[in-house]
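Protein chains get the first letters and strands the later ones, always in sequence-line order, with residue 1 at the start of each. No hydrogens, no waters, no symmetry mates; every other heavy atom, side chains included, goes into these values.
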Amino acid sequence: MQKDILSKEESLALYRKLILTRLAEEKIREEYFKDEMKTPVHLGIGGEAIPVGVCHCLPPRSKTFGTYRNHSLYLAMTEDTDGFFGELYGKVNGPGKGKAGSMHLSFPERDFIATSAVVGTTIPVAVGAALANAYRKSNDVVTVFFGDGAVEEGVFWESLNFACLKNLRVLFVCEDNGLAIHTPAKERQGFQSILETVKTFDCYVGGGQGHDLQGVIQSTHQVVKQMEDQPKPGFLHFTYYRFLEHVGPREDFDAGYRSRPTPDNLDGLDPVLCFERDLCQNGCKPSELSAIKKSVEEKIAKSVLTAQKTDFPSSEELYTDLFV
Amino acid sequence: MQKDILSKEESLALYRKLILTRLAEEKIREEYFKDEMKTPVHLGIGGEAIPVGVCHCLPPRSKTFGTYRNHSLYLAMTEDTDGFFGELYGKVNGPGKGKAGSMHLSFPERDFIATSAVVGTTIPVAVGAALANAYRKSNDVVTVFFGDGAVEEGVFWESLNFACLKNLRVLFVCEDNGLAIHTPAKERQGFQSILETVKTFDCYVGGGQGHDLQGVIQSTHQVVKQMEDQPKPGFLHFTYYRFLEHVGPREDFDAGYRSRPTPDNLDGLDPVLCFERDLCQNGCKPSELSAIKKSVEEKIAKSVLTAQKTDFPSSEELYTDLFV
Amino acid sequence: MKSFMTFRESLSLAVAKEMEADPSVFVFGLDVPDHKRIFGSTKGLVEKFGLERCFGTPLSEDAMTGVALGAALSGLRPIHVHIRVDFMMLAMNQIVNMISNLRYMSGGKLTIPLVIRAVIGRGWGQSAQHSKSLQSFFAHIPGLKVVMPTTPQDAYSLLRTSIRDDNPVIFLEHRWLYDVEGEVDERKTIPLGNATVRRQGDAVTVVATSWMNVEALKAAEVLERRGIQLEVVDVRSITPLDEETIIQSVKKTRRCIVADYDWAFCGFSAELASLIHHRCFNDLKKPVERLGFAPVPCPTTRPLENLFYPSAVHIIRIVEQMLGLEKTDLSGESFYSYEHNFKGPF
Amino acid sequence: MKSFMTFRESLSLAVAKEMEADPSVFVFGLDVPDHKRIFGSTKGLVEKFGLERCFGTPLSEDAMTGVALGAALSGLRPIHVHIRVDFMMLAMNQIVNMISNLRYMSGGKLTIPLVIRAVIGRGWGQSAQHSKSLQSFFAHIPGLKVVMPTTPQDAYSLLRTSIRDDNPVIFLEHRWLYDVEGEVDERKTIPLGNATVRRQGDAVTVVATSWMNVEALKAAEVLERRGIQLEVVDVRSITPLDEETIIQSVKKTRRCIVADYDWAFCGFSAELASLIHHRCFNDLKKPVERLGFAPVPCPTTRPLENLFYPSAVHIIRIVEQMLGLEKTDLSGESFYSYEHNFKGPF
Ligand SMILES: Cc1ncc(C[n+]2csc(CCOP(=O)(O)OP(=O)(O)O)c2C)c(N)n1
Ligand SMILES: Cc1ncc(C[n+]2csc(CCOP(=O)(O)OP(=O)(O)O)c2C)c(N)n1
Ligand SMILES: [Mg+2]
Ligand SMILES: [Mg+2]
């Protein structure tokens, strides 16, 4: 697929999603200090184009799995800001009735199956879902998102090996921000490039710069197409820049482990700026974009209000949902 | 190092070790049916040249670690048949006083630190020993032996990554018999060649046919030399043929998962035959070899007798050795 | 529909029945389809159902447990088999951090119909890494069910029930029980959470798990000759736990030994003893006694291995103490122990 | 040599002291040297001892635990740190199958001077995967020592003792205790296996672990106003366990609540309750009561999280029941809980 193949309608729908994920997280940044959202938040600002772009390319009924840094993925899969904020506020209208919180968002009805706060743990689970597809002779694809730190966990290699051995249609998406909390890759990894290593396994690979939504879509399309043609796992590696602290609503450029990007750099790092520029180059009007932005802002504001007004789960809820 | 660089003296000493490991296991095969050695035995017949050859190349004070298939390694490191049979018979003269049995042999005084019956578990431990060397600014090398099945365990990848990251002098030796119990590699591995994958990590690699003692020595020397020159891990991959069942003293060619090698094949699989031929080509007389064999046979017979006569540990021993 | 079979046969029969009944049931794990078939307990399944529903795996316990979870979340009913429970230590993260709580965290949206079978306990010179039981680990974590059958009938019926259960079940099978024979009624169903009185008696209740039931019955046989009747309660399901059957028995006998096949400290025997003391506070004539492994790793050499594992002899001695009796002369006694009929190498 | 400091400071001070005294001591683990320094508990160590003795790792808990073992076997004294005990589930194989038994299997030839530190318990909306304690897992396995300090002094002294111990020690630190301040005498040593009576009383003994001591002392403070004196025993070291101090206290008060910071089923509270019933069979006026987490995974949302964790209120209510008292009016009471002073995000 070429960059220019996105229709305008498609482009604006994508923009809507992209800006939805961005603004939802900006809203969290605003609200968080009120101490009402009592759940650790791992914001994805800077990385939104990866889930938005990848999910755009997934065939219907594609199950997805992710990590604690899952807000963009949740919204890309569902656009459900009501449930999203409900869960962050710990209210009954969250998809986990508040039991899940930010780190464990899921929405199985919309194929967003599970996320986890223990690094790497959803990777084999996604492989198991892909195995279930193969078992049922379904061609559906399963996708799992994880960070660059997750590839250091043994379970990543075990999962990759098994998926390749069994020719499963599972798409591994490595969202590489070069950091595990505050530790850069060079202090954690004894290999040169994860893609070079993964290439020695029997799967399709691709990737690129994660802030470039169109690029993400292009390489995802390529790999997904190969997977559809002949069943094998795919592996996508996207780099991106994490704008905020590892967990929480703040910047942390004063912490000493990295420095603030210069305004010039910034321009090449921010997926929203990048896509807005692309859209404008392709003939969208700024007014169209700001109209979308505005409607998204309203949607978000409404959901936050709803969440604030909704009830917490009752005491009895402590004991429900353990067993069927 | 060239094949022909082994002096005759060295060659005969190596032959002694090689035949010692072979005959010790043949002795187990004879004795096991008496049901006095009450410990599961994983015999290494066919693979002896790997530990014998690798250990030959290790500088002094090199610690080694291994698996439950550790008899050849134990004897290559120690030549201690008394302790060996003592441990197999569960007697107090075993290095573990009978508590260890066949699967957990160790002899720390001679740098044979530990083995384990849970696949893959000594790999990171060896890396930790190599870390300790680096911590103390020692150039000593640590070696760990493991099977082809162990590379499927996540801990292998974690260990390799950490060792490469920290430039540790740890030598990974993969003894590849193409089987994990009865399952061939193609039913377990989703990569083409372990060496190709390991090469993408920052370490030295080598390997070859494990039945060829001189070849083993040659490639080990090469990798160890590189490790000494500039500290990094080494990875050696040797193939070999497992002549017997996975665990126990019998052949199992009737089990259906593989067929008996033909006599022609055999010749190219048996490390003892192979080395005997090499020695004779290089001018050793068959009589020299059979003299060595005879003395080794006597040594083994004596150790078995000693083990049989030695006491079991007393009841109080159940509670000793738990804590310092 | 009744037939006589071994414990191992009853296991493979149970799985075969469920695989026949429900195409979403499959069984997998290291060495599951090889010619040894997990000590015979998966025999016949490849032939009947093919390698797609009965397959082996790489050595990757952590990922394979995640795979089982993923398949279960997708509506399949995986049975994941481990030839030794010790290897499940590699899978604890998936079990403790994922399998046990994904349903809860999803507000009840996710369902995890998953069985993990594992062989426990004594084999033959297996040493410290192939001999554990660890039921307390699994039972400690809310969200898991834990089952320990003793007889072929229970193995059969409880395994079928476990496979049909929509929740994760850990199913622990003692290696020595595999050879035990018994009658199996194929139609008999047994729910989880249901203990059973294996033998009625009035002197002392022995609450036992897994192989310890064999030891307790042997102890009862010996003591019966002295006119002492032990009551033996087989717990069968650790969680959910059938408190009532246990408490009822202890209220009757007023003396209790908990014989758990595991270490005692922080083990299931502690849970039972504490529960029984609590609920039978005014009924007990003597404190509940606990029996378990020696508090050390399991040694290889036979004489120490024999001392490591609890046995009928221990039960007899404790009963004698509880009742203030002289020691029975056990010199002529032959015990059920498989020490003698179990030959190597594995 | 006495000074006032927080629990977190006492931890880093203890490590610094041992690193100064012995060049073979080093500390490592994920995020140990970053600017957050494991909630401040490794503060100052990189600066003082350099990155060779205080370093981070890849995300590889299984291998890193093996690495710690290998370094310990080589005569070093590693301290391996986990920011959450939950992540140790990835390391259970090395802990249960290797660290706990290599010494035993080597006939005493191998020595494993190793400390594993892990943060346990409640933080702030941490949910099911960042909130466990699991002392019973470690204590169940022979060959491991398990320590749970409550005060800055104990954290300091017990961590030093643990580092000097030639055996593997699991050292569990409650997240909320990090901010607690207290006096620390740098010269004071405390051996492992030594419980302490935190508060004397005659009405009921509360045997508590970790944060539950804070809750128990608060309950005692409330009940004291009604003239009821709780005795609070801080277990401090789970294994080795100081039975005598506990038993002595219960023999005196004749009533006991075990307040363990963990789930109850098959937990350490079961061990203690069972032990106390056994040894105080004729002394107890009432059965021992147990207090622990609700038997579910830990939920995120605050109202349920508050219900999940046991507290002073629970202790007060149980005491009232045991003594047949009316319920105290707690409406005006403010509890020690960090619910209010703990702010996000982590
Ligand atoms: C198994 C495990 N170990 C450690 C942690 C603590 N931890 C939380 S996030 C994180 C870094 C993960 O980095 P990466 O996978 O790159 O994801 P990112 O946060 O950068 O999106 C760590 C170490 C954890 N949650 N799980
Ligand atoms: C973690 C673990 N899983 C499973 C087993 C059971 N098991 C014992 S040996 C073995 C095969 C190992 O194959 P490989 O590493 O190639 O060694 P080999 O026996 O061929 O020397 C298996 C699966 C085990 N001991 N440990
Ligand atoms: Mg990252
Ligand atoms: Mg092999």
Side-chain angles (χ1 to χ4, degrees), chain A residues 118-125 127 130-131 134 146 148-170 172 174 180 183-205 227 230-235 237, chain B residues 118-125 127 130-131 134 146 148-170 172 174 180 183-205 227 230-235 237:
Chain A
V118 182
V119 173
T121 45
T122 50
I123 300 175
V125 184
V127 173
L131 179 79
F146 50 86
D148 50 307
V151 307
E152 294 149 29
E153 292 285 359
V155 76
F156 164 72
W157 301 97
E158 294 183 359
S159 304
L160 178 67
N161 181 52
F162 185 74
C164 292
L165 174 72
K166 296 278 179 188
N167 295 317
L168 300 178
R169 284 192 173 97
V170 57
F172 298 99
C174 181
T183 310
K186 72 170 180 357
E187 291 174 26
R188 301 167 1 232
Q189 300 181 345
F191 46 83
Q192 281 311 308
S193 131
I194 184 67
L195 267 189
E196 287 311 308
T197 302
V198 169
K199 271 182 194 160
T200 67
F201 286 73
D202 198 13
C203 62
Y204 311 113
V205 302
M227 291 170 69
Q230 198 193 330
K232 276 188 195 187
F235 185 97
H237 175 261
Chain B
V118 182
V119 174
T121 44
T122 49
I123 300 176
V125 185
V127 172
L131 180 78
F146 51 85
D148 50 307
V151 307
E152 294 150 28
E153 293 285 359
V155 76
F156 164 73
W157 301 97
E158 294 184 357
S159 304
L160 178 67
N161 181 52
F162 185 73
C164 292
L165 175 71
K166 295 279 179 186
N167 296 314
L168 299 179
R169 284 192 172 95
V170 57
F172 299 99
C174 181
T183 309
K186 71 170 179 356
E187 291 174 26
R188 302 168 358 232
Q189 299 182 345
F191 46 83
Q192 281 312 310
S193 132
I194 183 68
L195 267 190
E196 287 311 307
T197 303
V198 169
K199 271 181 194 161
T200 67
F201 286 73
D202 196 13
C203 61
Y204 310 113
V205 301
M227 292 169 68
Q230 200 194 330
K232 275 187 195 187
F235 185 95
H237 175 261

List, with distances to 0.1 Å, the donor-acceptor pairs found between chain A and chain B - the cut-off being under 3.5 Å and no angle criterion applied.
{"residue": "A/Gly154", "atom": "N", "partner": "B/Glu158", "partner atom": "OE2", "Å": "2.6"}
{"residue": "A/Glu158", "atom": "OE2", "partner": "B/Gly154", "partner atom": "N", "Å": "2.6"}
{"residue": "A/Asn161", "atom": "OD1", "partner": "B/Gly190", "partner atom": "N", "Å": "2.6"}
{"residue": "A/Asn161", "atom": "ND2", "partner": "B/Arg188", "partner atom": "O", "Å": "2.9"}
{"residue": "A/Arg188", "atom": "O", "partner": "B/Asn161", "partner atom": "ND2", "Å": "2.9"}
{"residue": "A/Gly190", "atom": "N", "partner": "B/Asn161", "partner atom": "OD1", "Å": "2.6"}
{"residue": "A/Gly190", "atom": "O", "partner": "B/Asp202", "partner atom": "N", "Å": "3.0"}
{"residue": "A/Thr197", "atom": "OG1", "partner": "B/Thr200", "partner atom": "OG1", "Å": "2.7"}
{"residue": "A/Thr200", "atom": "OG1", "partner": "B/Thr197", "partner atom": "OG1", "Å": "2.7"}
{"residue": "A/Asp202", "atom": "N", "partner": "B/Gly190", "partner atom": "O", "Å": "3.0"}

Ring pair (Phe, Tyr, Trp, His ring centres under 6.0 Å) partners of A/Phe191, counting only residues at least two apart: B/Phe201
Taking every non-hydrogen atom, the tightest pair across A/Gly190 and B/Cys164: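 Looks like O-CB, 3.5 Å.
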